[in-house]
Amino acid sequence: MGNYEEEKVRGGMDRRSFFKLGGLTAGMAAFAGMAGCAPQQEMANTGGDNETVAARVPYSVFETDILIIGAGFGASYAVDAARKAGKNVIMVDKGPYGYSGAFGMSFDIMHTWDPNSPTYKSEDDIPNSGFLRDESLYRAAFMESELGDTPDVCIANFGEVWSARNEDGTPFYLYDFPNIRGIEHSMARQWSDHFRALDYVMIHDRTIITDLIIEDGRCLGAMGVHVPTGEYRVFRAKATLAATGGSTQFYGWNSTSCTSNNVCDNTGDVEMSLLRHGGKVANAEFCTYDMMGAFPRSFVASEGSMVGADSVHSGDLMDKDGNYLKDDPELAELLGSQEGVIQAACIVVDRGQGSENGGIYLDCKPESLSTMRWMYQRNAALLKEKFGFDFTEQPVEVVPEMYEHGGEPITDENAMCVDAEGLFCVRANAGSEGGMMNITNRRMGRYAMKKALEYIDSYEEPAAVTYESVAAEIERLEDLRTRQTDDPIRPITVRRSIQYACAQAARPSRPTEVLEEAKAELDRIMTEDVPRMACADDSLVYNADWKDAIEVGNLLDIARLSVEASLAREESRDALIRPEYPETDDANWKCALAYTRAEDGTLSYEKIPY
């Protein structure tokens with residue numbers, strides 16, 4: 001038997017059983033008068049201000065030991081650790097499980113690791129990461145997971161085949177540097193198939209998490225909407241683990257997509273839910289970029305569909321006059337790291353030697369293309385076959401493509417959110433790296449789950465639970481679905497306005513004037529457009545407008561965080577470049593800018609030293 005929610009119902013329960021979990025009786029706090037999926041007797045309305053929710057809205061409730069929100073790299077390593085401990089797990093995937101997020105790119109995910117890891121005997125042996133972050137948490141996660149991340153272990157556990165080999169049969173490393181080694185074609189489909197077959201792992205896919213359930217500073221689970229049916233689903237868990245990927249969808253629009261390889265689902269849903277609950281979200285000013293082909297227009301600006309250059313192939317980057325960056329002494333020394341490549345590209349643009357779209361050029365001559373990632377070679381062949389565009393005939397314009405973004409909760413040494421006990425975060429401690437690379441994602445997934453397992457070993461049910469926030473959230477979602485306004489704006493139009501507002505303000509180089517213009521536009525969108533936003537259809541079934549409306553609030557908050565934090569940080573650091581403040585300033589800015597959101601939407605921050 002499979003373990004999709006449509007096939008297996010052992011994890012479901014009625015409303016009365018759900019409340020019993022929290023120590024409530026049938027006469028205590030109901031979902032503000034809302035009915036469950038099956039006919040039930042009336043229950044007392046004791047939801048306080050939420051008693052205005054009058055409609056009888058279907059919902060389902062599921063309980064588990066551990067709730068994992070996300071189903072990609074970090075989540076997969078986390079669920080692997082949980083299943084070894086014999087815990088019941090619910091995984092919620094916003095897209096189709098096995099095909100969304102990083103799994104959707106499983107044909108060419110890079111698997112990287114530190115080849116020196118066997119020599120590290122203690123955390124003191126681990127070199128500094130080089131980024132602005134909590135180094136003690138970084139080392140703890142590194143030490144916990146690194147030995148289990150070597151290719152031999154992955155091949156043994158997940159049935160992967162090391163398909164790329166040299167002529168003599170030895171492994172071919174696309175990355176082979178002193179501190180990092182990497183292979184292609186990692187994260188095979190066997191992972192998702194394996195987890196899906198386990199009786200104690202239940203998959204809820206195509207389900208968007210809209211809110212965390214937080215009471216008295218404790219995270220008790222989450223709730224969301226099953227997009228195909230519009231059914232509300234409440235997930236009650238002893239520990240919740242957030243692993244939802246980088247939220248990059250606010251970054252510009254290039255005819256058919258934003259300038260990112262992230263899927264359209266990556267809209268910061270969990271982090272922005274925490275922000276609405278008064279939690280702190282930090283490092284939203286930092287991002288990670290690759291130089292990716294974005295032109296000719298209408299080709300998706302993503303490594304999954306175009307040709308680009310990361311630090312491995314930076315030697316093929318050139319300015320508009322055909323001068324290679326590697327031949328410029330000032331630029332050459334920057335090309336050994338991803339953030340350095342971005343810094344070098346920005347210098348070229350500032351010199352007036354970039355492309356008209358604020359990028360540079362990639363020489364895709366056949367001998368260069370043949371050494372690039374298999375994904376890029378495949379894309380070049382497909383685009384030539386289908387569209388007649390030959391990348392080898394002329395240099396390709398490449399622009400900074402955002403493939404990871406910060407905006408992470410503040411956590412303690414156990415990767416648990418300091419503002420919500422029981423909420424463990426895989427996307428934590430990225431710092432100025434600007435998001436989680438796959439190597440860091442794997443480490444944090446396993447480490448966060450280890451700490452979550454320790455937490456639930458001594459877990460005690462709260463004495464009383466009201467779940468008033470669930471009723472309030474359903475009311476908010478129903479308003480988004482059924483709202484009628486004068487002169488309405490479709491949610492997708494508001495989404496595009498957010499992306500256009502950040503097209504320049506989310507690039508690596510962020511002049512003050514550009515940021516101030518973006519801030520003014522985002523504030524206008526919040527005060528003028530969002531109140532007019534209305535769905536064209538109030539259907540429950542696959543209502544794309546409704547999904548867009550839910551995501552717009554998250555995208556707007558993450559965009560505002562990114563712009564305001566960039567304005568606040570008066571220095572340049574890694575891939576964040578402030579032209580007016582070109583130097584790194586540890587004396588004043590060696591800290592996280594931890595933002596909170598007031599009820600009126602106002603953002604404010606405090607500095608948390610690293």
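Residues take their numbers from the sequence shown, with the count starting at 1. Side-chain atoms are counted along with the backbone in the values below, which use heavy atoms only and exclude waters and symmetry mates.
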Just how far is it from atom CG of D523 to atom OG1 of T602, taken to the nearest 0.5 Å?
8.5 Å
Please list, chain by chain and in numerical order, all residues satisfying salt bridge (charged side-chain N to carboxylate O under 4.0 Å, His left out) with D390, sequence neighbours excluded.
K384
Between S370 (side chain only) and E367 (backbone N and O only), is there a donor and an acceptor less than 3.5 Å apart?
yes
Which heavy atom of A242 sits nearest to which heavy atom of V270, and what is that distance?
CB-CG1, 3.8 Å
Separation between CG of D350 and OG of S509, rounded to the nearest 0.5 Å:
5.0 Å
Y251: what forms a ring-ring contact (aromatic ring centres under 6.0 Å, His included) with it, not counting sequence neighbours?
none
Under the side-chain hydrogen bond (donor to acceptor under 3.5 Å, both in side chains) rule, collect the residues that match up with S122, sequence neighbours excluded.
none
Pairing residues for D321 by the side-chain contact (heavy atoms from CB on, under 4.5 Å) criterion, not counting sequence neighbours:
D319, N323, Q353
Partner of N554 under side chain to side chain donor-acceptor pair (under 3.5 Å), chosen from D269, T267, N266:
D269
side-chain contact (heavy atoms from CB on, under 4.5 Å) with K607: which residues, sequence neighbours excluded?
W589, C591, L593, Y605
Testing E564, E580, E285 one by one against R569 for a salt bridge (charged side-chain N to carboxylate O under 4.0 Å, His left out), which residue passes?
E285
Residues which pass side-chain contact (heavy atoms from CB on, under 4.5 Å) with A518, listed by chain and number, not counting sequence neighbours:
A505, V563
Show every side chain to side chain donor-acceptor pair (under 3.5 Å) that has at least one partner inside residues 497-507, sequence neighbours left out.
R496-Q499
For a side chain to side chain contact (heavy atoms under 4.5 Å, CB included) with V398, tell me which candidate from L362, D316, D290 qualifies.
L362
Considering all heavy atoms, the nearest L275-R597 contact
CG-CB, 3.7 Å
For D574 and G130, which heavy atoms make the closest approach, and how far apart are they?
OD1-O, 4.4 Å
Going by salt bridge (charged side-chain N to carboxylate O under 4.0 Å, His left out), name the residues that satisfy it together with D176, two or more places apart in sequence or in a different chain.
R181
Pair listing, salt bridge (charged side-chain N to carboxylate O under 4.0 Å, His left out) test, anchored in residues 120-134, at least two apart:
R133-E433
Closest non-hydrogen atoms of S355 and E397, given as atom of the first, atom of the second and distance, are OG-OE2, 2.5 Å
Take S260 and Q249 through the side chain to side chain donor-acceptor pair (under 3.5 Å) test and state the conclusion after the steps.
CA-CA 7 Å; S260 174; Q249 284 296 310; 4.7 Å; no
Mind checking the OH-CZ spacing from Y447 to F424? Nearest 0.5 Å is all I need.
10.0 Å
Using 4.0 Å as the upper bound for N to carboxylate O, is an ion pair formed by E521 and R524?
yes
For P508, check side-chain contact (heavy atoms from CB on, under 4.5 Å) against everything at least two apart and list the hits.
Y289, I342, C346, P400
Smallest heavy-atom separation, L555 atom then F250 atom, equals CD2-N, 3.7 Å
R510: which residues meet the salt bridge (charged side-chain N to carboxylate O under 4.0 Å, His left out) condition with it, sequence neighbours left out?
none
Salt bridge (charged side-chain N to carboxylate O under 4.0 Å, His left out) filter on E330, not counting sequence neighbours, yields R351
Has T596 got a side-chain atom pairing as donor or acceptor with K280's backbone, closer than 3.5 angstrom?
no
